[in-house]
K.L.:
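Here it is, the structure in full.
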Amino acid sequence: MSETSKHHRIRKVRTHISQNEGLIFEKSRPGSRAFDLPPSDVPEIPVQELLPAALLRTDDLEGMPEVAEPEVVRHYTRISTWNYGTDTGMFPLGSCTMKYNPKFNEWAARLDGFARTHPLAPEVLTQGNLRLIRQLEEELLEITGLAAISLQPAAGAHGEMTGVMMIRAALAARNEPGRKRVLIPDSAHGTNPASAVLCGFSVDTIPSNERGLTDMAVLEKRMDDSVAAIMLTNPNTLGMFEENIEKICALVHERGGYVYMDGANMNAMCGVTRPGDMGIDVMHLNLHKTFSTPHGGGGPGCGPVLVAKGLEPFLPYPVLKQEADGQIRLDYDRPQSIGRVRFFLGNFGMMVRALGYIRAHGPDGLRMATETAVLNANYVRHHLSEAYDMSFDGPILHEVVFSDKRQQQHGVKNADIAKRLIDYGFHPPTMSFPLIAPGAIMIEPTESESREELDLFIDAMKSISAECAEDPELVKSAPHWARLTRLDEVSAARNPVLRWKAGK
Amino acid sequence: MSNYPDDCYYTKDHEWIRVTGDTGRVGITHYAQESLGDVVYVDLPKVGESYQSGDPFGSVESVKAVSELFIPVSGEIVEINGQLADAPELVNSSPYDEGWMVTVKFSNTGELDSLLSSTEYEDFIKEGKL
């Protein structure tokens with residue numbers, strides 16, 4: 001077979017000139033610069049005479065790149081063309097909810113009044129911003145059915161830990177220090193046990209049943225007076241709704257425990273059902289998932305934590321308080337508060353974007369977004385179920401987990417399928433997660449994708465499955481069309497080179 | 001050599017233990033190293049720490065995932081395989097010999113009875129209930 005005919009099924013992409021580009025350090029030439037100052041018209045004084053020695057830098061600056069302006073611009077523009085994001089195409093990374101970030105929200109967050117407010121500006125000058133925060137709080141409380149909220153946490157896992165800290169504070173206030181165990185289903189997010197352990201609890205893992213849901217018989221056996229809380233993800237990491245959620249809440253409450261819900265998958269429930277109505281005591285949201293604020297760069301993010309009435313006194317301070325005159329003030333008089341978890345009021349720019357998303361959709365629009373996300377996942381599932389095995393059979397919501405079991409017969413593993421998908425012009429799905437699903441291929445299309453894009457993706461996945469049988473080596477050595485072919489991840493992990501050094 | 005030597009006991013969490021007197025050497029099985037893929041880091045406990053059977057005592061990181069290690073029997077860690085710090089690939093190339101992880105001194109020899117034999121473990125893997 002010729003090189004091109006091997007790839008005859010690839011429709012979405014073509015090979016394309018991709019500029020080679022070294023590191024900016026390697027482009028450095030002594031004396032190159034992006035500016036030219038006029039001659040000084042005052043006498044020059046050595047900097048050592050102006051500043052104390054302690055303030056002068058003595059470490060080696062060798063290797064700092066010296067580059068002219070066009071080179072800098074070209075360097076970053078070139079490497080930006082190697083990027084892949086939701087602005088380029090479908091990004092089916094399960095569990096991460098890579099939905100499109102509407103440009104309207106970016107415009108709103110850049111308005112001077114929002115973007116240029118100094119975080120230490122007095123309340124009297126920031127009433128508009130405070131009103132925006134208050135409005136977002138109210139919208140999120142209505143969406144979740146809970147009683148109180150803090151927007152301080154900077155990310156989902158941070159919100160989660162804040163929630164567990166509140167549970168710890170509430171147990172201390174109840175004088176029940178003996179509650180030291182946190183129950184966590186094995187289908188939960190990995191950050192759940194981490195948050196529990198950081199707060200001093202021990203973790204007791206509850207297995208899933210053969211349908212991928214929490215095993216109620218085991219839960220009943222393990223639930224006793226030493227349990228502080230259960231932390232569960234709903235819908236869980238298999239994209240399945242915990243259909244016993246009300247029973248789970250009743251069982252845990254009966255024995256005096258709290259129910260923490262990881263709300264990372266709220267995009268499968270938003271506008272349809274509410275955690276507060278199910279009996280949840282604490283939860284977090286990820287604004288970058290459900291409410292379309294940007295992922296990326298590790299932040300800044302926003303992971304609001306929401307609580308039922310009984311836990312309100314323990315919220316981080318300050319909380320927003322509307323006075324009789326209509327003014328909003330920051331209330332620090334919260335004797336039972338766990339304290340601050342973040343400087344100022346959190347990452348305000350994310351709040352502007354999330355409110356933009358919520359207000360642009362309205363209640364019906366939010367519900368429609370949820371229903372479309374669920375429909376898209378089920379569409380992918382339906383069309384790929386002939387080519388791939390499902391890890392667990394059962395109704396799914398916003399994401400679908402396949403396994404590589406059938407393709408393994410040809411010696412092809414899930415990671416190979418992911419690499420080959422790059423040749424077809426798609427970002428790979430999430431691999432080998434959740435851990436309870438061996439060889440997992442976790443696909444979350446989100447509501448952002450059109451039927452045309454979904455069909456292209458489905459065709460690509462079907463085609464790869466056919467290649468696994470016809471020419472497994474082609475898949476195992478993929479990607480072939482990318483700038484770089486298969487990388488040596490093992491050497492990279494065992495001998496990481498984390499920074500550039502001059503002359504090496 | 002068999003992929004599951006019959007001089008070891010096995011757990012459903014894919015650890016093996018090879019007994020000598022009142023101590024046992026512990027590692028992960030051929031099946032475990034193969035499922036994990038190339039191991040890049042092994043996090044081991046300190047000598048002198050004590051665990052109850054089934055407790056996590058460390059973790060193993062591959063390019064795919066980080067997985068916890070569970071101690072097959074209760075007891076005290078008397079030795080760890082320091083070689084794994086520089087050569088984690090031994091877990092892949094020699095899971096039952098050079099890739100061993102810790103030696104544990106039992107506090108209750110009776111616990112060995114509840115572990116699997118090599119044939120039982122092989123059947124367990126074949127059933128695919130993992």
Side-chain angles (χ1 to χ4, degrees), chain A residues 95 181 184 186 189-191 193-194 196-197 202-205 207-212 215 222 237 389 391-392 403-406 408-409 411-419 428-442 476 486-497, chain B residues 11-15 28-45 49-71 82-95 98-99 121 124-130:
Chain A
S95 187
R181 284 163 64 224
I184 303 185
D186 59 8
H189 280 124
T191 47
V197 169
S202 69
V203 170
D204 191 350
T205 306
S208 298
N209 61 24
E210 70 286 348
R211 293 177 54 218
D215 191 323
R222 306 256 185 100
T237 48
D389 282 356
S391 293
F392 288 84
S403 91
D404 61 5
K405 200 169 166 192
R406 221 178 300 173
Q408 280 222 26
Q409 293 165 2
V412 179
K413 291 190 175 175
N414 57 352
D416 303 318
I417 296 169
K419 303 280 186 200
T430 294
M431 292 293 124
S432 305
F433 180 84
L435 299 177
I436 54 172
I441 304 170
M442 186 192 213
K476 286 165 77 174
R486 188 76 64 112
L487 301 175
D488 184 356
E489 291 174 42
V490 179
S491 295
R494 284 181 186 158
N495 303 302
V497 179
Chain B
T11 71
K12 292 186 176 179
D13 295 315
H14 313 290
E15 282 88 19
I28 64 169
T29 66
H30 168 74
Y31 175 85
Q33 67 82 13
E34 202 173 59
S35 319
L36 282 167
D38 292 295
V39 172
V40 296
Y41 184 70
V42 185
D43 189 22
L44 294 177
E49 287 179 352
S50 289
Y51 295 93
Q52 294 295 313
S53 74
D55 280 355
F57 69 91
S59 63
V60 53
E61 183 175 344
S62 74
V63 286
K64 245 200 302 197
V66 181
S67 304
E68 283 191 311
L69 299 163
F70 300 97
I71 200 90
Q83 258 197 302
L84 297 182
D86 292 326
E89 61 272 18
L90 292 175
V91 175
N92 294 113
S93 60
S94 175
E98 290 177 89
Y121 178 69
F124 168 70
I125 290 173
K126 278 189 199 136
E127 280 170 39
K129 280 190 181 167
L130 304 169

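These figures come from a predicted structure and were not determined experimentally. In what follows, chains carry the letters A, B, and so on, assigned in the order in which the sequence lines appear, proteins first and then strands, with residues in each chain numbered from 1. For the numbers below, each heavy atom of this structure counts, side chains included, while hydrogens, waters and symmetry mates do not.
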K.L.:
Side chain, backbone, both or neither: which part of A:K413 has a non-hydrogen atom closer than 4.5 Å to chain B?
P.N.:
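For A:K413, side-chain heavy atoms alone lie under 4.5 Å from chain B.
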K.L.:
Where do A:R494 and B:N92 come nearest, in terms of heavy atoms and distance?
P.N.:
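Here A:R494 and B:N92 meet closest at NH2-OD1, 3.9 Å.
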K.L.:
So for atom CZ, which belongs to A:R211, do other residues, nucleotides or ligands contribute more than 12 heavy atoms lying within a distance under 6.0 Å?
P.N.:
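Incorrect, the count does not exceed 12.
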K.L.:
Taking side chain as C-beta onward, heavy atoms only, is A:V490 less than 4.5 Å from B:E89?
P.N.:
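When only atoms from C-beta onward are counted, B:E89 and A:V490 do not touch, as no gap falls below 4.5 Å.
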